[in-house]
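Structure first, then comments.
One is the number of the first residue; the rest follow in order along the sequence. Atoms within a ligand are numbered from 1 in the order they appear, just like the ligands themselves. Worth saying up front: this structure is predicted, and the values here are computed from it rather than measured.
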Amino acid sequence: MSEVRSTCPYCGVGCGVILTPDGEGLSVRGDPDHPANRGRLCSKGSALAETVGAEGRLLAPRIGGHETDWDTALDRVADRFAATIAEHGPDSVAFYASGQMLTEDYYVANKFMKGFVGTANIDTNSRLCMASTVAGHKRAFGTDTVPGTYEDLDQADLVVLVGSNLAWCHPVLHQRVLAAKAARGTKIIVVDPRRTATCDGADLHLPLHIGSDVALFNALLREIAETGAFDPGYVDRVDGLEAALAAARTDSLEPTGLAPDLVDRFFRLWIGTDKVVTVFSQGVNQSSSGTDKVNAILNCHLATGRIGKPGQGPLSVTGQPNAMGGREVGGLSNTLACHLDIEVPAHRAAVAEFWDAPRLASAPGLKAVEMFRAVASGRIKALWIMHTNPAATLPEADAVRAAIAACDFTVVSDITADTDTARLADVLLPAAAWAEKDGTVTNSDRTISRQRAALAGPGRARPDWWHVAQVARRMGHKAAFDYDGPAEIFREHAALSGIAGGFGRDFDISALADLSDGAYADLAPTRWPVAAKRGGRFFADGRSFHADGRMRMVPVTWRAPAAKHEPRFPFRLNTGRVRDHWHTMTRTGRSARLSAHLAEPFVEIHPCDAARLGIAADTLVDLSAPTGRAILRATVTDAVQPGTLFAPMHWTGETAPSGRIDALVAGATDPVSGQPESKASVCAARPFAAAWYGFAVSAAPMAPSCDYWAVARSATGWRAELAGRDAPQDWEAAARTLFDLPAAEAQVLSDPARGIARLAFREEGRLAAALFVGPGPLGLMRDYLATLPEIDPLTGRAPADRPDPGPILCSCFGVGVNTILTAIETDGLLSVEAVGVALSAGTNCGSCRPEIAALLAPAQGREAAE
Ligand SMILES: Nc1nc2c(c(=O)[nH]1)N[C@H]1C(S)=C(S)[C@@H](COP(=O)(O)OP(=O)(O)OC[C@H]3O[C@@H](n4cnc5c(=O)[nH]c(N)nc54)[C@H](O)[C@@H]3O)O[C@H]1N2
Ligand SMILES: Nc1nc2c(c(=O)[nH]1)N[C@H]1C(S)=C(S)[C@@H](COP(=O)(O)OP(=O)(O)OC[C@H]3O[C@@H](n4cnc5c(=O)[nH]c(N)nc54)[C@H](O)[C@@H]3O)O[C@H]1N2
Ligand code: SF4
Ligand SMILES: [Mo]
């Protein structure tokens, strides 16, 4: 098979990839012709080839844990949904979808629920992600329209990143911004309570208090007014300026906690630069005032007329590969389809007629958090979860897990056999994965790209749209779901968008409604609208999609996060992402090199708090919140502010059961968007009383059962961090259980008085596993030990001619921190480029360049001082 052009399945940058199947798997490189990335890929995109294959996959439908055939499974789903609807009405069933579904899958699921089941109880993980942006856009523009494009980032003179760790979460866009900095001196400002890798390339970092963005942007609006920086021609077309300004005048900068000189520099740069793009992401959206934060930002752009013009405008970066496509098809419970409104009778009538839908939902349905509360209370009796892992990623995750387990009937469509959610399903439906299926996705700047199949799916896996269409057909809706493939679904969606365009909506791709199968197969990246009634860009002319065509500024005032501090829970808990993992790690966790960057869940805690609580670096911390507990490794760092903690969202019951961070996140939501406040819960921290710490390496999967464990892939098998409150009586017996090696030859060195043990197990002379135990955090050469079976298990030390590389920083070339530090010292390297020349580190995808820059800082400081 020859090369296949497709799109990366991870973040909303939507990079083009070229896949070359090699008979078993495939190789992946960046597509030089794709407008989003022009050939570049980040560490995750570069490692995609390591995440395909049958390992861990769900290969056949299962009912009650037993494999079955498709007909039996689909009949069961259709029968149970039909019976529940007949007995309890359409609102007793629900669908929980995902911004990672392809547009075609999403369109069919939305049509099924809203048009044919007759309930709007279909919501998606985009509620946890983009809902506040959707709501903010609608308030300002009348539709959910993203005004900006990626070219604006190339052309801007100032890029402000608000609540966005672009360097780790949208790395290829971050590189575009850094390229603009190199080419035209673009200034970069980061607004984030935490010092992140993104700050390394920035000119200014505003470490505001968590949740205080409205206060900051209201202050900017006041300054715009005081300095006369309004665009008089533009504000003529904007309603609400006076009200927004009056609201801003009741606010102060105090909640931000920012030093006045920092704020002054921000104001001067923002007001003094015409070409400013304000990029925002989850630090804005995931907040109980998320919608107000969005409008506080939009207000400043509207007041200055800096919107819809080259190099100017607000740009919400989408998280998931098809977060934007989900918004187009109306995947949220309060939207209809093609940016039409469920509340507007004329829109409903048009959609009902187009679909020939017998009972179109007439009112918004439940939003994600409410939906799972309705599952808990028994109001929802049948639930279908597709392409998302809510038992791990919704707030109050332990309660969500219990609710799904107790639900009368749960269907899960997934590619992975064992996830926190899949384990709870009554019926499991195996999905075709990325590179095995066809469809489209829309990225952050409205560019529609094809995902194309290059591999046959393993086992009986089938695409998600097919799961839904088959169940719908079995429920009596044959004609409406008689699709023969994604091209036909796409044409229908495009035709419906033409009706939306007729209502004056922004999302109109009706020019694509007659694409032949061949033209769909060849579809090149295309930015919508395609069939716009008016040309040029959105909003440069000051015309909105509100009925009166006017823009709106919205009066907003600062509110504190919903969870209140109390003596029992003195910390504010911020959560988010790491560079090399994707959400619940069902894909990235299969790659050894992606797992090497950060192999364990952790919590960042300020040195003053750590000292006060007696928490030493690398010990374990016991976190508790009103909704749950967690045990995480302490990273003591002043990157976080005193009184705040940061923990990643990626670890689950499969990889580190005590690291399920959403167990601690409260279910507070934004009153307008319903988006949960994933970044500002409260919790307590204290040292975890570990009697022992362990590190294990094994060629085969392990089965740990201690109080704390975290497993990760390594190049030769698996590695695990372990700890417990009580030490086992017999380490050899415990290790044999852990490794499932009842009969292997064992070598044991132990010093019970000092709490130290080292155990190695051989099978047929070959080293199969090793365990290292000590009374405190283990200072081991972990990356050397993970090269099992090449290691010397009893000394645990790398031979002098093979120094321990340290934690892997550059995952493309496998270059560790120690290697880079040694080269900086011995070769006197002073720049990221010099490190690249010496070690290749940072020269492929570039995702690690900010971290290499951070390692260089001390040497650069010394050089400057000399
Ligand atoms: N490597 C990687 N990349 C990803 C993903 C992934 O899982 N891994 N997921 C993708 C998805 S779905 C999404 S939605 C995006 C998310 O992309 P981002 O939003 O960039 O990522 P997060 O780490 O969730 O949060 C960003 C920052 O918000 C800050 N923050 C917290 N509270 C506040 C606040 O009150 N105000 C401000 N201004 N900032 C605050 C946090 O400290 C954090 O650094 O990433 C996408 N890209
Ligand atoms: N504390 C905290 N919680 C958060 C966040 C946060 O910042 N902090 N961020 C939130 C955000 S922005 C998001 S987007 C969510 C993401 O959270 P989720 O969507 O719950 O996480 P994923 O791991 O992406 O789940 C995707 C699932 O789909 C499966 N899958 C992969 N490919 C396919 C396929 O082709 N078909 C099907 N049917 N299944 C497939 C995977 O195996 C996996 O089980 O998390 C949210 N939760
Ligand atoms: S930036 Fe990385 S994760 Fe995002 S689409 Fe591009 S290659 Fe994929
Ligand atoms: Mo997201």
Give the atom numbers and elements of ligand 3 that come within less than 4.0 Å of a heavy atom of [X].
X: C8; value: 3 (S), 5 (S), 7 (S), 8 (Fe)
X: P171; value: 1 (S)
X: Y10; value: 3 (S)
X: G14; value: 5 (S)
X: K44; value: 3 (S)

Original post:
So among C169, C42, C848, P171, which one has a side-chain contact (heavy atoms from CB on, under 4.5 Å) with R579?
Top reply: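 Going through the options one by one, the only one that passes is C848.
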Could you check which of [options] puts a non-hydrogen atom nearest to [atom]?
atom: atom 39 (N) of ligand 2; options: H387, K679, H650; value: H387
atom: atom 33 (C) of ligand 1; options: G163, P193, C11; value: P193
atom: atom 44 (O) of ligand 1; options: T584, V13, N165, D192; value: D192
atom: atom 36 (N) of ligand 1; options: V214, D580, D213; value: D213
atom: atom 12 (S) of ligand 2; options: M130, M649, R577, H583; value: R577

Going by the atom numbers of ligand 1, which of them fall below 4.0 Å from some non-hydrogen atom of [X]?
X: C129; value: 14 (S)
X: H581; value: 1 (N), 2 (C), 6 (C), 7 (O), 8 (N)
X: K44; value: 1 (N), 2 (C), 3 (N)
X: Q282; value: 14 (S), 16 (C), 19 (O), 24 (O)
X: V578; value: 1 (N), 2 (C), 8 (N)
X: N574; value: 31 (C), 41 (C), 42 (O)
X: K293; value: 34 (C), 35 (O), 36 (N)
X: R579; value: 1 (N)

**OP:** Specify whether an N/O/S atom of C11 falls short of 2.8 Å from atom 4 (Fe) of ligand 3.
**Re:**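 Here the distance criterion (N, O or S atom, under 2.8 Å) is met by C11, so yes.
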Do any nitrogen or oxygen atoms of [X] lie less than 3.5 angstrom from nitrogen or oxygen atoms of ligand 1?
X: R194; result: yes
X: C169; result: yes
X: L208; result: no

**OP:** Check whether any N, O or S atom of C845, backbone or side chain, sits closer than 2.8 Å to atom 2 (Fe) of ligand 3.
**Re:**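 Checking atom 2 (Fe) of ligand 3 against C845, no N, O or S atom falls under 2.8 Å.
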Any heavy atom of [X] closer to ligand 2 than 4.0 angstrom?
X: K437; result: yes
X: A432; result: yes
X: H467; result: no
X: R587; result: no
X: S413; result: yes

Enumerated ligand 2 atoms positioned under 4.0 Å from heavy atoms of [X]:
X: Q320; answer: 14 (S)
X: D414; answer: 27 (C), 28 (O), 29 (C), 30 (N), 37 (C), 38 (N), 39 (N), 41 (C), 42 (O), 43 (C), 44 (O)
X: N389; answer: 18 (P), 20 (O), 25 (O)
X: T416; answer: 42 (O)

Original post:
Does any donor atom in the side chain of T388 or S98 lie under 3.5 Å from an acceptor atom in the other side chain?
Top reply: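 On atom types as modelled, these side chains do not qualify, holding no pair under 3.5 Å.
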Subject >> Steps toward side-chain contact (heavy atoms from CB on, under 4.5 Å) verdict (C129, Q282) >> reply: CA-CA 7 Å; C129 185; Q282 298 315 335; 3.4 Å; yes
Original post:
Does ligand 3 have any atom sitting under 4.0 Å from a heavy atom of L41?
Top reply: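 Yes.
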Subject >> T447 to P525 - nearest heavy-atom pair and separation >> reply: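 Taking every non-hydrogen atom into account, CG2-CB, 3.8 Å.
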**OP:** Classify the angle between the aromatic ring planes of H581 and W651 as parallel (below 30°), tilted (30 to 60°) or perpendicular (above 60°).
**Re:**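 Rings of H581 and W651: perpendicular, over 60°.
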Original post:
Purely on distance, is any nitrogen or oxygen of T419 under 3.5 Å from one on ligand 2?
Top reply: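 Not met; the criterion fails.
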Original post:
What's the shortest distance from atom 6 (Fe) of ligand 3 to any protein heavy atom, and which residue and atom give it?
Top reply: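 Scanning the protein heavy atoms, the shortest distance from atom 6 (Fe) of ligand 3 goes to C15 SG, 2.3 Å.
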Original post:
What protein heavy atom is closest to atom 2 (Fe) of ligand 3, reported as residue, atom name and distance in Å?
Top reply: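 Looking at atom 2 (Fe) of ligand 3, the protein heavy atom closest to it is C42 SG, 2.3 Å.
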Subject >> Proximity of W168 to ligand 1 by residue part, where a heavy atom lies under 4.0 Å >> reply: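 The backbone, only.
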Original post:
Can a non-hydrogen atom of G211 be found less than 4.0 Å from any atom of ligand 1?
Top reply: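 Judged by the 4.0 Å heavy-atom criterion, G211 does count as contacting ligand 1.
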